[in-house]
Amino acid sequence: MQRPIKAYIDLSALTHNLSIARQYAPKAKIMAVIKANAYGHGLLHTANALVKADGFALLELEAAICLRNAGFQHPILLLEGFFSTQELALLEKHKLSTVIHNDEQLAMLTGCKHRELSIFIKINTGMNRLGFAPQQFSAVVEQLSSNPAVSQISLMTHFATADGITNNARFRDQLQVFDQTIGSTPMPCSLANSAATIRYPSAHRDWVRPGLMLYGASPFTTHTGTSFNLKPVMTLTSKIIAIHHLKQGDIVGYSGSFQADKPMRIGIVACGYADGYPRHAPTGTAVLVNNQKSRLVGKVSMDMLAIDLTELPEIPINSPVTLWGNGLPVEEIARAAGTISYELLCALPTRVELDILNEDIQDDFTRVCLESK
Ligand SMILES: *Cc1c(COP(=O)(O)O)cnc(C)c1O
C-alpha cells in the first residue's frame, strides 16, 4: 500500500503569484527563478504554469537543457554561469544565457569560437558571494564588448539584505555601489530578488528575479505570503495512521523527551524528516488535522511524527493532516524549526509524490508556450 503522504502543487497559485509579482514590478520583465527543481515544486509543470514569465533563471545546466527540449523559447539564465569550455559549447547549442562572475570564466570566453552568447556580468556590490569587484567592471565590459562571441551584455547584482525589515542601509549601499559602478553604461540591468521586488521599486530596473514569492511564501520573516496576497503553491499532506491513548507519565517517540503530564490521545502521522519535515520542529509546532489546529508532540522521527488529539476526541484514524501549505503557512513551520521557508520547500525529497492541481491551466499555457515558438 502506498504511504498517504503527498505534496499538492497548485498551478493556479503559481500563475496568481506571477501576476502579483507583475503588480509589484509593472515595468520590469520577470525572470522567474526555478532553481533547485523549482524550489522543490517540480521543474516542468512549474515552468509551464509560469510560461507567461519573460524568462527563467536557474543554476542547473541539465535542467536548463530540459526546458529547451520541452519547447521553452524564453531567455534562460544560468545564475552561476559555466564551469568548463565543454559547458560553454552547450550554452551555445541550447541558446542559454549565462552569468559571468569571475576571471576564470572570462578566460574561457577569450578566443572561444561561439556566437551570440548572452552574458550577464555579475558585480559584487557588497554581498561578497559572487561577482566582479567594482574596480574590475570597466575592464570586464571592455573585454566582453570586443569579444565577437558575445552578442548581448546585461548587468546584475544580488542583494544580501533586501529581506531585512530594519536594516535597509546596507541595501541602499549596495544599490549605490551598483549605480556608481555602472555609471551611464547603457545595458539592461537585473537586481531584485523577491524581497527587493516587493519592497524596493528603485531596484526593479529591466529584469526582476523573483523566486520564493512565486511559490507563495514571504521572503520577510516578519510576514507570511498572505500579507502580500500570495497563495501557497505547495501543500504537504498526509494522514493519521495510528492512534494511542497515553496515561500520565507515558512517553512519545525517540528519547522520551515528551512525557504526558495527563491522560492524552495522540495520532501518528505518516510524515518524518525523510519526507522533508524538519527534525528540529519542537513540541507545539502547529499541524492541521481535518482542518483543525493541533500540535506536534515529541521528536520527529524519520518516517513519522506524533500530534496531540486530546482536545479532538472525534478525529478518527485516516484523518487528513496538513503539515504546511493551504491554511498553515510554511513560514510558520520554518520559524518554529529555526529555519526559513526556502529550506523546507527545496528540501522536499523525491520519495514524496507530487500531485499536480489545476493542470487545465497548464494545458492552456502550454499551448501559449508552443504557439509562441
Ligand atoms: C535564488 C536567487 C534569486 C531568487 O531569490 P528569492 O529570494 O527566492 O526571490 C534571485 N537571484 C539570484 C542570483 C538567486 O540566486
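Start at 1 and go down the list; that is how both ligands and their atoms are numbered. These numbers were taken from a predicted model, which means no experiment stands behind them. In this chain, numbering begins with 1 at the start of the sequence shown.
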How far is atom 7 (O) of ligand 1 from its nearest protein heavy atom, and which residue and atom is that? Tyr342 OH, 2.6 Å

In terms of residue, atom name and distance, what is the protein heavy atom nearest to atom 12 (C) of ligand 1? His158 CE1, 3.4 Å

Walk me through it: do His223 and Phe228 pass the test ring pair (Phe, Tyr, Trp, His ring centres under 6.0 Å)? CA-CA 9 Å; His223 296 71; Phe228 308 104; 5.4 Å; yes

Give the contacting part of Lys35 toward ligand 1: side chain, backbone, both or neither, where contact means a heavy-atom distance below 4.0 Å. side chain

What part of Arg209 sits under 4.0 Å from ligand 1 if we count only heavy atoms: the side chain, the backbone, both or neither? both

Yes or no on ring pair (Phe, Tyr, Trp, His ring centres under 6.0 Å) for Phe137 and Phe132, after CA distance, side-chain angles and deciding distance? CA-CA 7 Å; Phe137 176 72; Phe132 292 101; 9.1 Å; no

Exam field: side chain Thr285 to backbone Ala281, donor-acceptor pair closer than 3.5 Å: no

Just which atoms of ligand 1 are under 4.0 Å from any heavy atom in [X]?
X: Tyr39; answer: 1 (C), 4 (C), 5 (O), 6 (P), 8 (O)
X: Ser194; answer: 6 (P), 9 (O)
X: Leu212; answer: 6 (P), 8 (O), 9 (O)

Salt-bridge criterion met for Arg22 and Asp54 (N-O under 4.0 Å): yes

Polar contact flag for Pro210 and ligand 1 (N/O pairs, less than 3.5 Å): no

State whether the shortest distance between N or O atoms of Gly211 and N or O atoms of ligand 1 falls below 3.5 angstrom. yes

Side chains of Leu354 and Leu348 in contact at under 4.5 Å (non-hydrogen atoms): yes

Can you find a side-chain donor-acceptor pair between Arg209 and Ser190 that sits under 3.5 Å? yes

What's the verdict on side chain to side chain donor-acceptor pair (under 3.5 Å) for Thr221 and Glu331, showing C-alpha distance, side-chain angles and the deciding distance? CA-CA 8 Å; Thr221 52; Glu331 295 95 319; over 6 Å; no

